2 protein chains.
Amino acid sequence: MADDGDEAAKRPVTIYDVARAAGVAPSTVSRAFARPGRVNADTAARIRQVAAELGYRANPMAQALSTSRTKMIALMISDVTNPFYSELIRGAQLAASEAEYTVLLADARESDVVERLSLERVLPAVEGIVIGSSRMSDSSLRVIAKQKPTIVLNRDVAGLPSVVTDNPRGVRRAVEHLGELGHQQITYVAGPEASWADGARWRALREAGHELELHTRRVGPVPPTVVGGRGVVEKLLDNLPTAVLAYNDLVAIGLMRGLAAAGIDVPRDVSVIGFDNIMAAELVTPGLTTVAAPLRTMGVTAVKNLQAIINGALHRSEAAFVLPTRLVQRESTARARR
Amino acid sequence: MADDGDEAAKRPVTIYDVARAAGVAPSTVSRAFARPGRVNADTAARIRQVAAELGYRANPMAQALSTSRTKMIALMISDVTNPFYSELIRGAQLAASEAEYTVLLADARESDVVERLSLERVLPAVEGIVIGSSRMSDSSLRVIAKQKPTIVLNRDVAGLPSVVTDNPRGVRRAVEHLGELGHQQITYVAGPEASWADGARWRALREAGHELELHTRRVGPVPPTVVGGRGVVEKLLDNLPTAVLAYNDLVAIGLMRGLAAAGIDVPRDVSVIGFDNIMAAELVTPGLTTVAAPLRTMGVTAVKNLQAIINGALHRSEAAFVLPTRLVQRESTARARR
DNA sequence: TTGAAAGCGCTAACAA
DNA sequence: TTGTTAGCGCTTTCAA
C-alpha cells in the first residue's frame with residue numbers, strides 16, 4: 001500500500017518549474033523554446049540548461065490548446081492489412097516526422113461506415129488528413145474536407161486536392177505490352193465498385209483497347225484480395241481469355257493460383273498483369289508482371305502537400321498530383337498461343 | 001480578398017455555445033456528456049439535442065489538458081514495411097477503437113536511434129505504449145516504461161509486462177516435424193542480434209535438437225528480409241544442410257529463392273521452415289511451412305493489457321503473456337533424401 | 001440537480 | 001529583452 005519511493009508521484013515538470021529554477025518568467029521559458037531569437041542568448045542557454053536538468057518536456061496538449069496546432073495528421077487507410085499500404089505508410093511517416101508531425105493511423109477495414117466513424121473521431125485532434133483509397137462517397141469526402149485540410153489518395157474528387165497514379169499511361173503500357181505479345185483480347189477483373197482506381201483502370205483499358213484494336217471485356221467486381229481473385233476463376237473458365245489485367249496485385253495473385261489449380265498454366269495459357277507492384281508480386285511464381293505505383297513517393301507527396309495546405313502555401317483546390325507508373329515485366333506474361 | 005461566405009471563419013462550436021443555446025451553465029453541458037447520470041434526464045436530452053444541432057464536437061486537447069487523459073496510445077514498430085506487422089496493427093487498432101482510443105503509429109525503421117527519438121516525441125501525448133520487436137536495449141526500455149505504461153511485444157524484459165509467442169513450443173514442433181521426415185541435422189539462419197525472438201528461437205532449437213538427438217548449427221546473422229535470406233545461401237552451399245529453420249518467413253522466402261537460383265530444389269534437396277506465417281508464406285511456391293504466430297491476437301492482447309494497466313487493473317510487472325503458436329505445414333518440407 | 005469559479009500547461013498580446 | 005495578464009475549451013470542486 002505504501003507509496004514506493006521509486007515510483008514517486010511524478011507530477012510532470014512544467015514550464016513554471018523551469019521558470020522558477022531559472023529565475024525568469026514563464027513566458028520567457030516559452031519563448032526560449034518557441035522563438036529563440038526573441039530572447040537573450042545567455043538567458044536562453046540557461047533556460048535550456050535548467051530545463052534539461054529538470055527533465056522538462058512540453059505538454060503537447062497544452063500547446064495544442066493554446067495554439068490550436070496539434071502537430072498531428074491523420075492517415076486514413078481502407079485496409080491496413082493490405083500490403084499496398086506498407087510502403088505508403090512508411091513514406092507518410094517519413095515526411096511527417098521530418099516536419100515534426102505525428103501520424104494518427106486509422107483503419108477503415110474496407111467499410112465506409114467504419115471510415116466515416118473513425119474520421120469523425122480523429123478529426124478534432126488533427127490538423128489535416130490524408131485519405132487513402134476511400135470507400136466513401138464524393139460528397140461525404142467533401143464534408144470532411146470542409147472541416148480540415150484533406151488530401152485524397154488514389155481518387156479524384158472535384159475540388160479536392162489529390163495524389164493519384166497515372167492509370168491511363170500505366171494501362172496503356174500494359175496493353176501495348178500485351179499487344180506486342182500477340183494478344184487479341186484482354187479481360188479486366190474489376191475491384192470494388194467504390195474504388196476510383198477501378199473505374200479509372202477499366203476506362204483506360206477500354207480506350208487503349210479501342211485505339212490498339214484489341215477486344216476488352218470485364219468481369220467482377222471482386223473483393224480486392226487474393227481470395228477475391230481466386231474466386232473469379234470459374235467465371236473466366238467458360239470463355240478463357242489469353243490475357244487478363246487484374247484490379248491489383250492481390251487479385252492477380254489469387255487469379256494465378258486459381259488458374260494453376262484448374263490446370264491452366266500462366267503465362268503459357270494465359271498472361272496476367274496486376275497493379276501496384278507490392279512486395280508479393282516479386283515473390284510469387286511466376287513473378288507477376290505489374291503496373292508499378294511509386295508507393296512510398298505517394299505517401300511522401302500526400303503528406304508534403306497536406307503540410308503545404310496546412311501552412312497556407314497551397315490552395316485547397318489545387319489540381320491532382322499525378323505520379324508516374326511503370327510496367328515491371330516479370331514472368332506472368334508471354335506470347336499468346338491461341 | 002473578400003471573406004467568401006462559404007468558407008466563413010469557422011470557429012469551432014464550444015461547450016459555451018451549447019450552454020448558451022440550451023440555457024444552462026457550461027458545467028452542466030460537460031456533465032451531460034461525461035456523467036449523464038448526474039443531470040436531469042430532460043435537461044440532458046435538451047443539451048444533446050442542441051449540441052447535435054449546433055454540430056458540437058468536444059475538443060480532445062482541452063479534455064486531455066484538463067483530465068490528463070489523452071485517449072491515445074502509441075504503437076511503436078520496428079519496421080512498418082514488414083508484413084509481420086500488418087495483422088498486428090489491425091488487432092491493435094481493433095482493441096484500441098473498442099475502448100475509444102486512438103493509435104499513434106511510430107516507425108523505428110529498424111534503428112534503435114530512430115526508435116528512441118520517436119518514442120520521446122510521442123511519449124508526452126499518449127497514455128501508454130506498445131513496443132513491437134524493439135531494437136533498443138533492456139535498460140532503455142525500462143527508462144521508457146518508467147515514464148508511461150508500456151507493453152513490449154516479442155520480447156521479454158525483466159520487470160516489464162510483455163506479450164510473446166511460445167517460441168520453445170513452436171520450435172519444438174518444427175523440430176519434431178523435421179525429425180519425423182528423417183532429417184538428422186538442422187541449420188538455423190539467424191536474424192538481427194538485437195532481436196529477442198532470435199535468441200529465443202536459437203536457444204529453443206539447441207534444446208530441442210539435443211533432446212531429439214539432431215545436430216544443430218547456426219549461420220548468420222542476416223537482416224530480417226528477403227534480401228537477407230537470399231544473401232545467406234552461399235554460406236550454406238559449402239555444407240548444404242537438409243533442413244533449415246529461418247529466423248522468419250521473409251528470410252525463409254529469400255532463402256528459397258536463392259536456393260532455387262542455385263539449382264537446389266526445395267523441398268527435395270532441402271526443407272525450409274519459417275516463422276510467423278505472414279501472408280506471403282502462403283503465396284510463394286512451394287508454400288512455406290512455418291511456425292505461425294497469432295498475429296492479430298498479439299495486437300489485441302497487447303492493447304488490452306496496456307489498457308488494463310492504464311486503468312490500474314493490472315500491475316505493471318505482471319508476467320509475460322505467452323500466446324500459442326502452431327506449425328502450418330505446406331510444401332517447403334519433405335522427407336530427407338540424404 | 002445546477003451554477004460559479006478555479007485551474008490544467010502553455011502561448012500571445014501588451015506593457016514596461 | 002522581459003514580465004504581466006489573459007485566455008485556449010474543458011472538468012471539477014464547492015456552494016447553492
Side-chain angles (χ1 to χ4, degrees), chain A residues 9-48 50-51 54-72 100 121 123-127 147-148, chain B residues 9-48 50-51 54-72 100 121 123-127 147-148:
Chain A
K10 38 178 180 211
R11 188 180 59 77
V13 181
T14 74
I15 212 171
Y16 297 106
D17 301 321
V18 178
R20 192 173 320 116
V24 297
S27 60
T28 306
V29 176
S30 173
R31 279 186 210 112
F33 286 105
R35 250 173 295 283
R38 297 219 174 303
V39 62
N40 179 308
D42 292 349
T43 321
R46 183 157 40 90
I47 290 175
R48 293 185 164 287
V50 171
L54 264 43
Y56 167 72
R57 326 276 332 258
N59 177 332
M61 303 300 144
Q63 284 182 166
L65 182 57
S66 147
T67 61
S68 55
R69 306 213 61 172
T70 63
K71 287 291 203 170
M72 301 199 288
E100 306 224 270
R121 277 188 44 60
L123 209 64
V126 301
E127 291 181 44
Q147 310 180 53
K148 289 280 162 86
Chain B
K10 38 178 180 210
R11 188 181 58 79
V13 181
T14 75
I15 212 171
Y16 297 106
D17 302 320
V18 177
R20 193 174 318 116
V24 296
S27 58
T28 305
V29 176
S30 173
R31 279 186 210 113
F33 286 105
R35 249 173 295 283
R38 296 218 175 304
V39 63
N40 180 306
D42 292 350
T43 323
R46 182 157 41 92
I47 291 176
R48 292 185 166 284
V50 171
L54 264 45
Y56 167 72
R57 325 277 332 260
N59 178 331
M61 302 302 145
Q63 282 180 170
L65 182 57
S66 145
T67 62
S68 54
R69 305 213 63 172
T70 63
K71 289 288 204 170
M72 303 199 287
E100 307 224 88
R121 279 189 42 61
L123 209 62
V126 300
E127 290 181 44
Q147 310 180 51
K148 289 279 162 90

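What you see below is based on every heavy atom in this structure, not just the backbone, and it leaves out hydrogens, waters and symmetry mates. Just so we're on the same page: letters track the sequence lines, and every chain starts at 1. Predicted, not measured: the structure shown is a model, and the values here were computed from it.
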side-chain contact (heavy atoms from CB on, under 4.5 Å) assessment of B:Met72 paired with A:Met61: CA-CA 12 Å; B:Met72 303 199 287; A:Met61 303 300 144; 3.5 Å; yes
Ring centre gap for B:Tyr56 and B:Tyr16 strictly below 6.0 Å: no
Least distance between heavy atoms, A:Pro124 atom then B:Pro60 atom: CB-CD, 3.5 Å
Length of the line joining A:Arg38:CZ and C:dT11:P, which is rounded to integer Å: 15 Å
Quiz item: A:Tyr16 side-chain donor-acceptor pair to C:dC10 base, under 3.5 Å: yes
Euclidean distance, atom CZ of residue B:Phe33 to atom C1' of D:dG9 [Å, nearest integer]: 14 Å
Touch class at under 4.0 angstrom, heavy-atom based, for A:Val24 against every strand present: sugar-phosphate
Closest listed nucleotide, where the reference is the side chain of B:Ser66 and the choices are C:dA12, D:dT11, C:dG9: D:dT11
Separation of C:dT11 P from A:Ile47 CD1 (nearest whole Å): 12 Å
Sugar-phosphate, base or nothing in reach of A:Arg69, heavy atoms under 4.0 Å: nothing
Donor/acceptor link under 3.5 angstrom from A:Arg31 side chain onto base of D:dG3: yes
Lys/Arg-Asp/Glu bridge criterion (N-O < 4.0 Å) met for A:Lys148, A:Glu127: no
Side-chain donor/acceptor of B:Ser27 to base of C:dA4, under 3.5 Å: yes
side-chain N/O A:Thr43 vs D:dT2 OP1/OP2, d < 4.0 Å: yes
Sugar-phosphate, base or nothing in reach of A:Ala58, heavy atoms under 4.0 Å: sugar-phosphate
B:Ser30 side chain, from C-beta outward: closest of D:dT12, C:dT11, D:dT2: D:dT12
Spacing of B:Met61 atom CE relative to C:dC8 atom C1', expressed in whole Å: 15 Å
Touch class at under 4.0 angstrom, heavy-atom based, for B:Ser68 against every strand present: nothing
Atom-pair distance (CZ on A:Arg20; C1' on C:dC10), nearest Å: 15 Å
Comparing B:Thr67 and B:Asn40 on DNA chain C - which has the more 5′ nearest nucleotide: B:Asn40
Nearest-angstrom distance from the residue atom CZ of A:Arg46 to P of D:dT1: 15 Å
Touch class at under 4.0 angstrom, heavy-atom based, for A:Tyr56 against every strand present: sugar-phosphate
